[in-house]
Amino acid sequence: MSYNFKQIEAKWQKYWAENQTFKASNKSDKEKFYVLDMFPYPSGAGLHVGHPLGYIASDIVARYKRHQGFNVLHPQGYDSFGLPAEQYAIQTGQHPAITTKTNIKRYREQLDKIGFSFDWSREVRTSDPNYYKWTQWIFIQLFESWYDAAEGKAKPIADLVELFNSEGNSQVKAACDEDVTEFSAEDWKAFSEKEQQEILLKYRLTYLAETEVNWCPQLGTVLANDEIVNGVSERGGYPVVRKKMKQWSMRISAYAERLLQGLNDIDWTESLKESQRNWIGKSVGASVTFKVNDHQDTIEVFTTRPDTIFGVTFMTLAPEHELVSKITTPEQKEAVEAYIEATAKRSERERMADVKTISGVFTGAYAEHPFTKEPVPIWIGDYVLASYGTGAVMAVPCGDQRDYDFAKHFNIPIKNIFKDVDISEEAYSEKDDTKLTNSDFLNDLPYKKALKRAIFELEKIGQGKGKTNYRLRDAVFSRQRYWGEPFPVYYVNGMPKMIDEKYLPLQLPEVEKYLPTEEGEPPLGRADVWAWDSEKNEVVSNNLIDDKTVFPLELNTMPGWAGSSWYFFRYMEDEKRDEVFASVEAMKYWENVDLYLGGSEHATGHLLYARFWTKFLKDRGLVPVEEPFKKLINQGMILGESAFVYRIDFQFESKNNIPKEDILNIEKTENFIFRELNDPNLFLSKTFKEEFEKSGLATIDAINNFLDNKIDFIKNELAKNSIKIDLNIHSNLTPIHAAVSLVNTSNELDTDGFKNWRPEFKDAKFITNEDDKYIVGREVEKMSKSKFNVVNPDDICNEYGADTLRMYEMFLGPLEQAKPWNTAGITGVYNFLKKLWKLYHNGEEFSVSEEAASKDSLKTLHKTIKKVTEDIEEFSFNTSVSTFMICVNELAAQKCNSREILESLAVLISPYAPHIAEELWSKLGHSESIATADFPKFEEKHLVESTKTYPISFNGKMRFTLDLSLDLSKDEIEKIVMEDERTQKQLNGREPKKVIIVPGKIVNIVG
RNA sequence: GCUCGGGUGGUGGAAUUGGUAGACACGUUGGACUUAAAAUCCAAUGAACAUUAGUUCGUACGGGUUCAAGUCCCGUCCCGAGUACCA
């Protein structure tokens, strides 16, 4: 009986589903293990072979842990709110819920084919009202909380109200908006209800505020900082502009320090922690207040180098700084306004691309140095960013290169405050023991002491204090989209009110179109039934808003990361209870995720927000853990190998001064360029491409002919008008993607297939190689539909089976490394599984022997147990696959078919290739699934050796090997080695200077 | 620029504390079986010279430490990822 993977895989997939083999129990005496994948967004394109990589790795761990006797929670679900379904809805009118459902069905089919051991009974979908009910509920908890900075935790807002009632806000240390003013208990009580609510909003952990947001006009929505890459939107790559809008925000900045410190307690890769540390961007220094001469105003700056305060020779404000217009003198007004206008015009992108150019304008105003009282000119410059710190810097040109460059450029004096340091060429920014000079009370102090002293003196005169600054900004939480969680919020007199949690979920309303309204309101503005009756506690028609009890509902929806910030807690709940987001017992049992797998692209988005929400929920006593993910691994991306054909485009250029109308396709009147662009008739193959690029046109006859013809043609056309012409030729290769399915493993293109596939090229001429083959160009790119390089896991499953797919994906290389998909090597793994199958069969018959295994076979087995166990613990899955291959090769050579060995081997391999393992297990006579069979125990005794094959080296170079007993002493070894004739031959009569012997390792003879 | 990874055959990749570089596979070549092909099996496969033993060179490059370096140290170059006028 041969290895029929199709039948085997279908059989066991059905068995697992029917027997709920992988359903996790919340009541178990076993130790728990929670292994989780980042849940996918179910896109319309379906899964490609890159998606399952992480799922396969986590599935191996999950299955391995079950064999080890753990109670394993290994769930899966869908992050099913999001843009693509909405874009599709805009184009086609199909409700995103339908698109999403269809896509999920397809995902599930694809996932099921790969044989994952997911507990599907716990599936979540973020777009399911029963799920987003709790997303809304958590939002309400955030709204009803404030952050007590003194205690470092979130508390109910009612506690804050109590504090305000008894003592006002002057003693309250809280994370809040910067513009809160002080008030006493009496003031508080005198405020109107609305005034009180406005103040409380500045303290809530989610708040509504007029903030500068990233607006993406093409997407019609705001974006969070982590949704912008290189100044353009992550999705679509559209430009983003800064805009002031009233939006919901999350006060994540309150948690900056805890998010930073928490990194020390979790087992994540250093690079990932580093990304989060950068994103949080803690810097310790001081805030310093400068008085503005002839004004009441002060300028606050943040600096990490208060010790260099005596080196300040000017200040720079961001062009957007609010004081600029106030303090600019009439003489400078024109120049300043022109500069502001010029910088505003430049996009983020341009500003980022152009770091070198130094620009700025003097405002005409001066500030007063806090100690010397000397006037300090105030400039504006775009190297100071409005969004970081206070948007203003004290410039110390001798100690900061940017200040230095700015000062040089505008001839501002540079004062040297570093003793015996030459600053004629560049600033001195080292933080070392260099002593200060020209610095009054800081003279002769090194960096560390000067830092402390400077802060002390600033505090004494009330013009500064030690301060820690974070780059992490509060996260904008509103999106002007349809397909997201509705906010459980309605507005009374413009003030937000929460819907009572009893009436959740607040379900998405129906709209007739998924676009913003004509007035520019979000899509929910189109809903007719989208008002809240605060008496009946239900959604009612907008027409009733004139009623006293009916109010408008929030029109924004929540961002994609809302639902993904807590889903790992929902999986813990086995009964999907309606009255809790997850039960206390369930959360106490499962605690947090032991192993989390996903892409590194979530380093500063999802992973930061999920940690933030978890910490908040912990503060409010709603979850028992401080960190959601104990260990995290990023699987590398599997890239596609795109195939390219190269279209040749030519430009013919003439130096003659010929009237335009005489020539075809003329683009310029001075030097004429004839364009023969987009000629669909000529493609250059890859083998020619390299030559072509190297030596130009002349080397290839085919191209020469082509060119000659073209030139003749043009000359003839012109000759008709009696014009003579000199032609120059420019050529250009345009790469065009070819579908990878049209290319074989030798990179040969099916040219007829290509012509059928892209009818616009149906007349294409291919310049082929000597064998009349067209060789495509290859390039490694991200897998995507638009690049025609997607490889579908279903196809691999059909051709080779899921077990082969699983093992091959692991075999490709280290999990965390990015690697291109190349189907070429898959036969190696497929052959391996066939060999494995053969071990258990004699011809067509299943056949194992009941006799005791040979010593060699036991050694092979236990070697394998040891290595595979270590590999799984270290997530080194690729080397495990090699180990299995070696094992099977050895057992086959030994002609081993002993039950004792083959039973253990089936269990060993079952995490990797579960279908074949189950089949062999049942053939071995077991009626239960292999899933919880005990993992074989490694026994050292089988590996104990009496001899060692010693490498005998001369001057470090191995020349031959020698089998020697391990019992021998150093002297005995030396004697045997020196007597060996090969040693004598190597020495060629010389006396060895030294003989190094490391028993059990090596012999090295130094001659 | 900064931070973190990385650089090993034709290819993907192995190599515990420094101790036989290239495991395992793919590919290639030759052979067996076959009318033939596919499948399967066997052998060879880092490079060069010699092809009988063998010799020399080889882990980006240049130095160093060591009996011994892919591995440790110093310097240089290149590639990838993240981040960026962060005061």
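In the text below, chain A, chain B and the rest are named by the order of the sequence lines, each starting its count at 1. Computed from a prediction, not measured in an experiment: that's the story for all the values here.
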Subject >> Minimum heavy-atom distance A:F877-A:L815, with the two atoms named >> reply: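 Heavy atoms only, the tightest pair is CE1-CD2, 4.0 Å.
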**OP:** Sequence neighbours left out, what passes ring-ring contact (aromatic ring centres under 6.0 Å, His included) with A:F960? Give chain and number order.
**Re:**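 So A:F960 forms no ring-ring contact (aromatic ring centres under 6.0 Å, His included) with any residue.
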Subject >> Euclidean distance, A:M807 CE relative to A:L833 CG, rounded to 0.5 Å >> reply: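 CE of A:M807 is found 6.0 Å from CG of A:L833.
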Subject >> Pairwise P distance for B:U20 and B:A15, with rounding to whole Å >> reply: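 Pairwise P distance, B:U20 against B:A15, rounds to 14 Å.
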Selection from [options] that lies nearest to any side-chain heavy atom of [X]:
X: A:I886; options: B:A87, B:C4, B:A23; value: B:A23
X: A:I1002; options: B:G19, B:A14, B:C85; value: B:G19
X: A:M958; options: B:A21, B:A25, B:A87; value: B:A21
X: A:Y388; options: B:A25, B:A87, B:G13; value: B:A87
X: A:V393; options: B:A25, B:G82, B:A87; value: B:A87
X: A:E274; options: B:U3, B:C86, B:A14; value: B:U3
X: A:P951; options: B:A23, B:U20, B:C85; value: B:U20

Just how far, in rounded Å, is [atom2] of [N] from [atom1] of [X]?
X: A:K819; N: B:U11; atom1: NZ; atom2: P; result: 19 Å
X: A:K1001; N: B:G19; atom1: NZ; atom2: C1'; result: 7 Å
X: A:Y800; N: B:A39; atom1: OH; atom2: C1'; result: 13 Å
X: A:I826; N: B:U11; atom1: CD1; atom2: P; result: 21 Å
X: A:E870; N: B:A14; atom1: CD; atom2: P; result: 16 Å
X: A:K273; N: B:U83; atom1: NZ; atom2: C1'; result: 19 Å
X: A:N878; N: B:C26; atom1: CG; atom2: C1'; result: 15 Å
X: A:K863; N: B:A23; atom1: NZ; atom2: C1'; result: 11 Å

**OP:** With a 3.5 angstrom cut-off on both distances, give the Watson-Crick or G-U wobble partner of B:U20, or none if there isn't one.
**Re:**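 The answer is none; no pair meets the criterion.
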**OP:** With a 3.5 angstrom cut-off on both distances, give the Watson-Crick or G-U wobble partner of B:G5, or none if there isn't one.
**Re:**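 Paired with B:C79.
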Would you classify [X] as touching base, sugar-phosphate or nothing, given that sugar-phosphate means primed atoms plus P, OP1 and OP2, and contacts are heavy atoms under 4.0 Å?
X: A:Y950; value: nothing
X: A:Q817; value: sugar-phosphate
X: A:P814; value: sugar-phosphate
X: A:T949; value: base
X: A:S882; value: base

Original post:
Of the options A:F290, A:F410, A:F406, which is the one that meets A:F314 in a ring pair (Phe, Tyr, Trp, His ring centres under 6.0 Å)?
Top reply: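 Going through the options one by one, the only one that passes is A:F406.
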Original post:
Quick one: on RNA chain B, does A:S275 or A:L812 contact a more 5' nucleotide (nearest heavy atom)?
Top reply: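 Closer to the 5' end of RNA chain B: A:L812.
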Subject >> Backbone N/O of A:L839 and side chain of A:N897: donor-acceptor pair under 3.5 Å >> reply: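 No; judged by distance alone, with no hydrogens or angles, the pair does not exist.
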**OP:** Using modelled atom types only, decide if a donor and an acceptor are shared between the side chain of A:R611 and the backbone of A:L259 within a distance under 3.5 Å.
**Re:**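 Yes; judged by distance alone, with no hydrogens or angles, the pair exists.
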Subject >> Pair A:K859 + A:E890, salt bridge at N-O below 4.0 Å >> reply: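 No.
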**OP:** Evaluate the salt bridge (Lys or Arg N to Asp or Glu O under 4.0 Å) criterion for residues A:K867 and A:D871: first the C-alpha distance (whole Å), next the side-chain angles of each, then the deciding distance (0.1 Å), finally the verdict.
**Re:** CA-CA 6 Å; A:K867 179 79 173 118; A:D871 283 347; 3.1 Å; yes
Subject >> Distance test, side-chain N/O of A:R402 to OP1/OP2 of B:C86, below 4.0 Å >> reply: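 It does, given that an N or O in the side chain of A:R402 lies less than 4.0 Å from OP1 or OP2 of B:C86.
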**OP:** Report yes if some heavy atom in the side chain of A:L966 is under 4.5 Å from a heavy atom in the side chain of A:T947; otherwise report no.
**Re:**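 No; the side chains remain at least 4.5 Å from each other.
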**OP:** Tell me whether B:G9 sits syn or anti, counting syn as a glycosidic angle within 90° of 0.
**Re:**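 Because its glycosidic torsion lies within 90° of 0, B:G9 adopts the syn conformation.
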Original post:
Which parts of nucleotides 40-70 of chain B does protein reach within less than 4.0 Å, heavy atoms only, written one letter per nucleotide 5' to 3' as B for base, S for sugar-phosphate only and - for none?
Top reply: SS-------------SSS---------BS--
